[in-house]
Each structure stands twice: as C-alpha cells, then as structure tokens.
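Here the structure comes first, spelled out in structure tokens, and everything after it is commentary.
Each chain gets a letter, A, B and so on, in the order the sequences are listed, and its residues count up from 1. These figures come from a predicted structure and were not determined experimentally.
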There are 2 protein chains.
Amino acid sequence: MEANDEVSVEPPSLSSYRFARGGRGNAVADTTRALREAILDGVLAPNEWLREESVREVLGVSRTPVREALNRLEEEGLIHRTPGQGARVTTLTIEDMLVVYNVRGSLESLTARMAAENAPRPEKIALETLHRAMAVAADRGDPVEFSRINIGFHAALTAMADNAYLDRLLSTVETAIRRFGTRSFSAERMAHIVLEHEAIVSAVIDADGARAAQAALDHAEFARTSTLDRFLARTATLNQLLALPRTREKHP
Amino acid sequence: MEANDEVSVEPPSLSSYRFARGGRGNAVADTTRALREAILDGVLAPNEWLREESVREVLGVSRTPVREALNRLEEEGLIHRTPGQGARVTTLTIEDMLVVYNVRGSLESLTARMAAENAPRPEKIALETLHRAMAVAADRGDPVEFSRINIGFHAALTAMADNAYLDRLLSTVETAIRRFGTRSFSAERMAHIVLEHEAIVSAVIDADGARAAQAALDHAEFARTSTLDRFLARTATLNQLLALPRTREKHP
DNA sequence: CGTACACTAATTGCATGCAACGTGCACACA
DNA sequence: TGTGTGCACGTTGCATGCAATTAGTGTACG
C-alpha cells in the first residue's frame with residue numbers, strides 16, 4: 001500500500017495487497033489473507049495462474065509460506081493446483097453456488113439450534129441487543145452500518161454455539177459465499193432480514209432449538225434464492241441447465 | 001524411538017504407518033494419510049503431542065511435508081496447533097459428533113439430488129448394480145463385503161453428483177466421521193441400510209431430485225441416531241454432560 | 001504438410017539450515 | 001519460603017538450494 005507513490009490508475013494488482021512483515025510468526029496467515037482477499041475482490045481472475053515465485057516476489061515472503069497459503073486456499077476451494085504445475089483460481093459453476101448455499105443453510109441451522117439450547121442467557125441478551133441495533137440501521141436505511149452489525153450478529157451466534165468444528169467449517173463456507181458477489185442491501189431486503197433475524201432471536205431466547213433451526217434455515221434459503229435468482233437473471237441461458245430445486249429440507 | 005526400527009511387536013506405534021518413498025511427488029499426501037490413519041485407528045491418542053521432528057524421523061521424510069500434512073489435518077479437525085508450540089490430537093465432544101453427522105446428512109442429501117438430476121443413465125444403472133450386490137451381501141450376512149461395496153456405493157453417488165466442491169467437503173467430513181468408531185454392521189442394520197439405499201437408487205433412476213434428497217437425508221439420519229445412541233449407551237456418564245447446561249471448556 | 005522426438009526453460013517438490021520464540025529450570029534475592 | 005531473573009534447550013517459522021518433472025519449442029522425418 002505504501003510503496004505506490006503513483007496512485008493507481010493502473011489495473012489493480014496483487015501488489016496492493018502487500019502487508020508489513022513484523023518479525024516472525026505471521027507470514028503464512030498474512031499471505032493467505034492477502035491472496036484470499038485478492039481473489040474475492042476479483043483482482044485475481046478465475047483461471048489466472050498463480051506462480052509461487054511471482055507471488056513470493058510481490059508479497060515479499062519466501063516460497064515456503066506461499067506454498068502453505070496456496071494449500072489452504074485450495075482447501076477452501078478458491079484455487080486448484082495441478083500436480084506438476086502451479087495453481088489457478090477456480091471458476092465457479094452454478095452448481096457450486098447451489099451447494100455452497102445449501103451447506104451454509106444447514107450449518108447455520110445447526111448453529112442456531114446449538115446457540116438456543118446451550119448458550120448462557122447474558123449472551124442471548126447481547127444477541128438481541130445487536131438485533132435491535134440492526135433494526136435501527138435498517139429503519140435509517142443505512143446499508144453500511146447494517147452490514148457491519150450483520151457480520152457481528154452472525155459471529156455472535158456462531159460463538160454462542162461454541163463448537164470449534166462447526167466454526168471452522170462455517171468460516172470456510174463463508175469465504176466461498178463471498179465469491180458470488182457482494183450482496184447489496186436494498187431497503188426491502190434489510191426489512192426482510194430483520195424479520196428473519198427476529199424469528200431467530202426469539203427462538204434462541206426461548207431456548208427453542210427446533211424453532212431456531214427452522215428460522216435460520218428459512219433465513220439462509222431466502223439469501224440463497226435471492227442471490228441465485230439475481231445470478232440467473234444475469235446469465236439467462238443457464239436457466240435451462242438447472243431445473244431449480246426449491247425443496248424444503250427438514251432438520252430434526 | 002530409534003530402538004524399534006525394524007518390527008513393532010511393541011504397542012502399535014506410528015512407525016507401522018511408514019510408507020515407501022518412490023521418487024518425488026507424494027510426500028505430503030503419504031504423510032497426511034499415514035498420520036490420519038494413525039489418528040483414526042487410535043494409535044495416536046487424543047491430546048498426544050505431535051512433534052514435527054519426531055514425525056519426520058519416524059516417517060522418513062523431511063520436515064517440510066510433515067508441516068504441510070499437519071496443516072491439512074488441522075483443517076480436517078483432527079489435530080490442533082498451538083502457535084509457538086506443536087500440534088496435539090483433538091478430543092471429541094458429543095456436540096462435535098452431532099454437528100459432523102448433521103453436516104454429512106446435508107451434504108449427502110445434496111449429492112443424491114444432483115446425482116438424480118444430472119448423472120447420465122449408464123452411471124445410474126451401475127449404481128443399481130452396486131446396490132444389488134450390497135443386498136446380496138446383506139442376505140449372505142457378510143459385513144465385510146457389505147462394507148466394501150457400501151464405500152463404493154457412496155463413492156459412485158459422489159462421482160455422479162460431479163461437483164468438486166461438494167466432493168472435497170464430503171470427504172473431509174467423512175474422515176471426521178471415522179473418528180467415532182467403526183460402525184459394525186449387524187444383520188438388522190444391513191437390512192435397514194439396503195432398504196434406505198433402495199429408496200435412494202429408485203429416486204435417482206427416476207431422476208426425482210427431491211425424492212432422492214429426502215431419501216439420502218433419511219439414510220444419514222438413521223446412521224446418526226443409531227451411532228449416537230450406541231455412543232450414549234456405552235458412555236453413560238456423557239448423558240449427564242449432554243443434559244448439563246454447558247461446559248465452557250474449549251478443546252485443549 | 002503433419003507428426004514424432006529431443007531439448008530447453010520454467011516451475012514445482014522436497015531437503016536442509018538458521019534464527020526467533022517459548023518454556024522450564026536453576027539460582028539469587030527478598 | 002516465595003518470587004524474580006537469566007540462561008539453556010527444545011521447537012517451530014521461515015529462507016534457500018537442488019533435483020525432478022512438466023510444458024513449450026524447434027527440428028527432423030515420414
């Protein structure tokens with residue numbers, strides 16, 4: 001960031017994701033984050049090659065952390081490595097999209113259930129507070145603040161479920177979701193989300209696991225279908241390829 | 001460590017998981033597999049430390065692939081790394097178990113749906129053939145053969161869904177499942193499974209995605225509840241733990 | 001004109017070396 | 001006796017070097 005004296009009229013490149021290296025202990029994490037953000041921002045386009053050596057040069061670390069970072073990104077599904085050769089950014093099919101959203105729905109459903117059944121009451125109250133703040137932001141028509149609190153809301157829910165495995169899985173799925181473009185929060189969308197969160201919060205406070213699970217599932221399905229519809233509207237030819245499944249899975 | 005290099009009549013140790021190194025290109029995969037199997041077989045006990053140097057010595061590779069293998073196992077949730085210090089095998093809570101089984105159910109449901117909707121007919125016929133062979137093995141009361149074909153059955157279904165992301169996610173979840181002990185196939189259990197597979201196969205052949213999804217979900221749920229019941233029955237003390245409000249202890 | 005083959009260059013896969021960080025212990029000191 | 005400090009050791013984190021492998025290219029040959 002600081003090396004670019006000439007402001008970027010140039011195409012955005014990976015170099016703007018450089019980070020400050022302070023001593024030992026963060027090279028892999030920093031490299032992973034930089035590459036991940038670059039991919040999610042579209043700076044590294046699908047099918048683009050990622051050479052270890054060039055990444056090393058741009059980010060200013062050695063090849064070892066770059067390698068490990070590439071491994072992690074492969075686990076997350078953001079890149080694909082061909083054995084003797086390098087890594088390329090994966091392309092996204094509409095089926096991937098379907099899968100990712102469905103998985104997220106299932107995981108968030110579980111999260112809500114566990115939060116409802118296990119979380120201590122003070123954390124539940126804190127969740128409700130967050131929810132109220134979101135409702136206010138929605139009323140004010142402030143999508144930026146809304147989005148900020150939204151992230152906190154889901155993070156709180158995840159923390160309340162208090163399960164490391166679930167946490168890890170959900171976070172990798174979340175990054176995959178971010179590849180499908182930024183969700184813009186229209187006024188109606190925010191209102192709808194507030195209602196859905198309302199249902200979740202109420203069930204969580206009542207310690208009603210089943211209801212919380214269903215509410216979270218509904219919430220995720222709304223996000224899925226709306227994003228998917230938007231995507232399909234944009235690329236209409238794919239409509240035929242996919243007979244949109246819209247079934248309701250029940251969770252015990 | 002260096003004393004029993006040759007044969008291990010000693011308590012089973014990691015050294016029996018050594019592999020033949022043939023040239024270049026498999027060190028990470030082989031190391032990962034060896035460690036994973038050792039953990040799943042219980043040879044490496046929960047909470048046991050895994051030092052890079054000692055693993056290197058036992059498995060006969062350098063520290064670099066060992067490091068990468070440890071990273072992958074961490075992603076899979078089998079080990080946990082503490083920053084400045086090494087890695088330890090994770091312990092399993094019953095909530096982990098619940099989560100993992102539920103996730104698998106969701107993923108297999110999606111798999112079945114996509115297989116039903118997208119797979120070409122010859123593969124569907126091949127699936128039915130596998131299913132028939134499983135039914136025969138169940139009738140004969142041959143759990144070993146049954147288990148073998150069972151793995152093939154699910155692999156075939158996964159291949160038919162033809163989605164890389166789903167595939168990767170499902171396989172990591174499968175390894176997590178394997179930590180909960182081997183599922184022994186009783187006669188009744190095999191009969192039940194055959195019936196459930198019957199429903200899946202029929203829906204897949206009819207290209208009925210929704211029915212396939214529901215059938216797969218039922219199948220997974222049966223596996224979950226039966227395994228969970230068995231687990232709870234065996235370790236009755238955990239019954240209390242589950243009923244108790246909560247233990248805020250994280251994985252050590 | 002198309003194809004097989006050898007050769008070169010580019011790139012990864014793994015091994016190893018070194019420095020930093022954390023931990024435990026001994027010892028001095030209050 | 002309890003506590004703080006320094007030192008030594010073990011372990012990881014990262015850098016770098018070398019060999020194996022693959023892609024690409026030019027050339028000879030059918």
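The shortest distance between the side-chain N/O atoms of A:Arg67 and the OP1/OP2 oxygens of C:dG13 is below 4.0 Å. In terms of phosphate contacts, B:Ser62 brings a side-chain nitrogen or oxygen within less than 4.0 Å of OP1 or OP2 of C:dA15. OP1 or OP2 of D:dA23 lies within a sub-4.0 Å distance of a side-chain N or O belonging to A:Gln85.
The existence of a salt bridge linking B:Arg81 and B:Glu52 is confirmed by a sub-4.0 Å separation between a basic side-chain nitrogen and an acidic carboxylate oxygen.
In the set D:dA15, D:dC14, C:dC14, the nucleotide with an atom closest to the side chain of A:Thr64 is D:dA15. If you check C:dT12, C:dC14, D:dA15 against the side chain of B:Val28, the one that comes closest is C:dC14. Listed nucleotides D:dC18, D:dT11, C:dC18 differ in distance to B:Arg51; the shortest reach to its side chain belongs to D:dT11.
Regarding A:Phe19, its CZ atom lies at a distance of 12 Å from the C1' atom of D:dC14, rounded to whole Å. For the pair B:Leu70 CG and D:dT11 C1', the computed distance is 13 Å after rounding to whole Å. The nearest whole Å value for the distance from the CG atom in B:Asn26 to the P atom in C:dT12 is 18 Å. One can place CD of A:Glu68 at 15 Å from P of C:dT12, the figure rounded to the nearest angstrom. B:Asn71 places its CG atom 12 Å from the C1' atom of D:dT12, with the value rounded to the nearest Å. What separates CD of B:Glu52 from C1' of C:dC21 is a distance of 14 Å, to the nearest Å. Atom CZ in A:Arg88 sits about 15 Å away from atom C1' in C:dT11, given to the nearest Å. Per the geometry, CZ belonging to A:Arg72 stands 10 Å off P belonging to D:dG13, to the nearest Å.
Both A:Arg63 and B:Arg63 lie close to DNA chain D; mapped to their nearest nucleotides by heavy-atom distance, the more 5′-ward contact belongs to B:Arg63. Residues B:Pro65 and A:Glu53 both approach DNA chain C. Their nearest nucleotides, taken by heavy-atom distance, put A:Glu53 toward the 5′ side.
No donor-acceptor contact under 3.5 Å links the side chain of A:Arg81 to the base of C:dG13.
Across all non-hydrogen atoms, the minimal contact from A:Trp49 to A:Gly86 is CZ3-C, 3.7 Å.
Between the side chains of A:Thr93 and A:Asp96, at least one donor-acceptor pair of N or O atoms lies under 3.5 Å. A donor and an acceptor atom, one from each side chain of B:Glu75 and A:Asn71, are nowhere located under 3.5 Å apart. Judged by distance alone, the side chains of A:Thr64 and B:Arg67 never bring a donor and an acceptor atom under 3.5 Å apart.
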